[in-house]
Structure formats: C-alpha cells, structure tokens
There are 2 protein chains.
Amino acid sequence: MSANCEFTTVLEILGGKWKPTIMYHLFSNGTMRFSELQRAMPEITKKMLTAQLRELEYHDIVHREIYQQIPPKVEYSMTEHGKGLTPVLMAMNDWGKAHLNHLSTLYGEEQPLNEAASNIEG
Amino acid sequence: MSANCEFTTVLEILGGKWKPTIMYHLFSNGTMRFSELQRAMPEITKKMLTAQLRELEYHDIVHREIYQQIPPKVEYSMTEHGKGLTPVLMAMNDWGKAHLNHLSTLYGEEQPLNEAASNIEG
DNA sequence: CTGGATCCAGCCCGATACTG
DNA sequence: CAGTATCGGGCTGGATCCAG
C-alpha cells in the first residue's frame, strides 16, 4: 500500500549498519577485495561484512567474483542495477553533511565541528 | 572520515520501520494530526507512531504543535530542516519503483507491473 | 483524542574462535 | 585470504492495558 512499499523495500536493502558505507566504497573504488573492504572499514567484523555483502548480492546490488586459487581471492563490485542507487547515496551523503552542520548551529557555536569530527573519524 | 558518519547519521534518523513513510505523508499533506497519521498507516501501532515521531522531533525533522484543549489535539509537520530530506525520499522512492520492476524482470514476467502498481498507488 | 507503561519475542550486531 | 560457527547482549518493534 502506498509508497510504504517502496520505502520499506529500500530500507530493507540499504538498512543495516554498514550497507551504505560498503556501497560507497564500491562506488568509489570500483572493484574491491574482501580484505580491502575490511581495511576501508576497520570497525566492521568479518561476520558482519560477509553477512551484509551476501544480502547485497542477494538483492542484485553487488556482484561477487570468485577466483579459484590459493590463497583465495574474491572481488566485489556494484552491479548495473546497484549503480542506480547512486542518487540515493549522494542525497543521503549531502543531507548527512547538512544535518551535522545543523546540529552545530543548534547545540552551540563554540564547538561547531569538534563533536561532529569526533564522530566522523572511524 | 570515511563518509560512514554521514550514512550512519542518516540511517539513524530515517532508519526504523516507519520513519520514511511518516515523512512521506507529512510531505504530501503538510500538517497532520496524530489520528490522521494513524489512519494513513493502519498497520502501525500507537506506541510505534509515538516513538518514531518523538525521534523525528528530537532530530528537528518534524514539528509538534500541541493545542491545549479537551479533547487533545496535536499536529505534526515537517520543519524546514526536515524538508531538506525531500531529495533523499524522492531518490529512495524512485529507486524503490525501479527495484520492484527489476525484481519482476528477474523472477518472472507474468505479473510484471500489476503488483508494483498496486503497491505504488496511495 | 493522544498518548504512556509494561511485557515479551525476535533480530541485529559484536566478540571470539576455528577452517580450507 | 576469505570466510564459518557459536554465544550472548541489547535494541526494535508488537500486543495489551492504563491515563489525562
């Protein structure tokens, strides 16, 4: 019913603590190995990274390329369909910045960016 | 850095099962009473609607106007800051439609648009 | 009419250890 | 290198009842 469906669908896909960040890195770097993604997001555990990548793969957002070799090598990249999410991620990123600024204007000019900065660094 | 902060921030705000839908209705209708929102989203419970509205209010996304009278009357509307989320919601909605279409091309042509159309209508 | 309070099931997510 | 297995805490969200 009513647009709820679209929002719910989108939230199911990019909901989860790390999915947008994963997509952001894949957008920026094109193709990334598992370990590269891990290094790009030091806080995420392997379990979570695996789980979220599997979900994104299931929804045809990311492509998983397996190289049968020792040591193993797996590369992730955005599918064409997944690339369609770019506007959503951009809009989210833009508004996120605006919101962080807005917070500083609301809760004090003294430390306008310190708080935000402390949150920004991973 | 890592833009993780922006995404995490945005997801905290419009994460939750109903927030985007609530905002969508407030965008469309301008100002709505509690009971109107309930009617617009029959599936949501009062507890959840209240909780999510409080969170949106806390983040300065929605404004809560209380009329001191019996019976009580409370009106909700988007703040100027909250209206900045329009591009995000639009992008989400657009991609949600595209994704529903994409699903039908992946998993069967039989009911390509009917299902999506019935869901889109509001 | 607009909530608040309470109870409870389920899931998300993190820490740790193990594997081919 | 790229995962899986297991355990457990904390939060989310639903049902129900109560209140001003």
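In what follows, every chain begins at residue 1, and chains take the letters A, B, ... in the order their sequences are listed. Hydrogens, waters and symmetry mates are skipped; everything else that's a heavy atom, side chains included, is used.
Remark: B:Q52 pairs with no residue by the side chain to side chain donor-acceptor pair (under 3.5 Å) rule, at least two apart or across chains. Scored by the side chain to side chain donor-acceptor pair (under 3.5 Å) test, A:T9 finds no partners at all (sequence neighbours excluded). For the side chain to side chain donor-acceptor pair (under 3.5 Å) test, residues two or more places apart in sequence or in another chain that qualify with B:E80 are B:K83. With sequence neighbours excluded, no residue forms a salt bridge (Lys or Arg N to Asp or Glu O under 4.0 Å) with A:E36. Residues meeting the side chain to side chain contact (heavy atoms under 4.5 Å, CB included) test with A:I70, sequence neighbours left out: none. Not counting sequence neighbours, B:R39 has no partner by the salt bridge (Lys or Arg N to Asp or Glu O under 4.0 Å) test.
Rounded to whole Å, the distance from CD1 on B:I44 to P on D:dG13 is 9 Å. Nucleotide D:dA2 holds its P atom 11 Å from the CG atom of A:L53, rounded to whole Å. Rounded to whole Å, atom P of D:dG13 lies 17 Å from atom CZ of B:R54. Distance, A:M32 CE to D:dA2 P: 11 Å, rounded to whole Å. Distance, A:F34 CZ to D:dC1 C1': 9 Å, rounded to whole Å.
With contacts defined as side-chain heavy-atom distances shorter than 4.5 Å, the pair B:L26/B:L56 does not qualify.
Residues from residues 55-79 of chain A that place a heavy atom under 4.0 Å from any atom of DNA chain C, listed by number: A:P72. Taking a 4.0 Å limit (strictly below) on heavy-atom distances, residues 11-19 of chain A does not reach DNA chain D anywhere.
With rounding to the nearest 0.5 Å, the separation of CD in A:E75 from CE in A:M32 is 10.5 Å.
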Atom pairs and distances, donor-acceptor, side-chain atoms in residues 10-17 of chain B, under 3.5 Å, two or more places apart:
none

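One axis for each end of the helix from C:dC1-D:dG20 to C:dG20-D:dC1, each built from five base pairs, and the angle between them comes to 50° at 10° resolution.
Smallest separation of non-hydrogen atoms from B:S77 and B:T31: CB-OG1, 3.7 Å.
A 4.0 Å heavy-atom criterion places the boundary nucleotides of DNA chain C facing chain B at C:dC1 to C:dC7, written 5' to 3'.
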Report task. Take B:I22 and B:M41 through the side chain to side chain contact (heavy atoms under 4.5 Å, CB included) test and state the conclusion after the steps. Result -> CA-CA 8 Å; B:I22 292 173; B:M41 296 172 284; 3.7 Å; yes
Query - A:R64/A:R54 under side chain to side chain contact (heavy atoms under 4.5 Å, CB included): CA gap, chis, key distance, verdict - result: CA-CA 9 Å; A:R64 182 162 174 255; A:R54 289 294 136 82; 2.7 Å; yes
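With DNA chain C read from its 5' end, the first of the two nearest nucleotides for A:M48 and B:E36 is the one closest to B:E36. Residue-to-nucleotide proximity on DNA chain C shows that, of B:R33 and A:T45, the 5′-proximal contact is made by B:R33.
Residue pairs meeting the ring-ring contact (aromatic ring centres under 6.0 Å, His included) criterion with at least one member in residues 59-83 of chain B, sequence neighbours excluded, are A:W95-B:H81, A:H99-B:H81, A:H102-B:H81.
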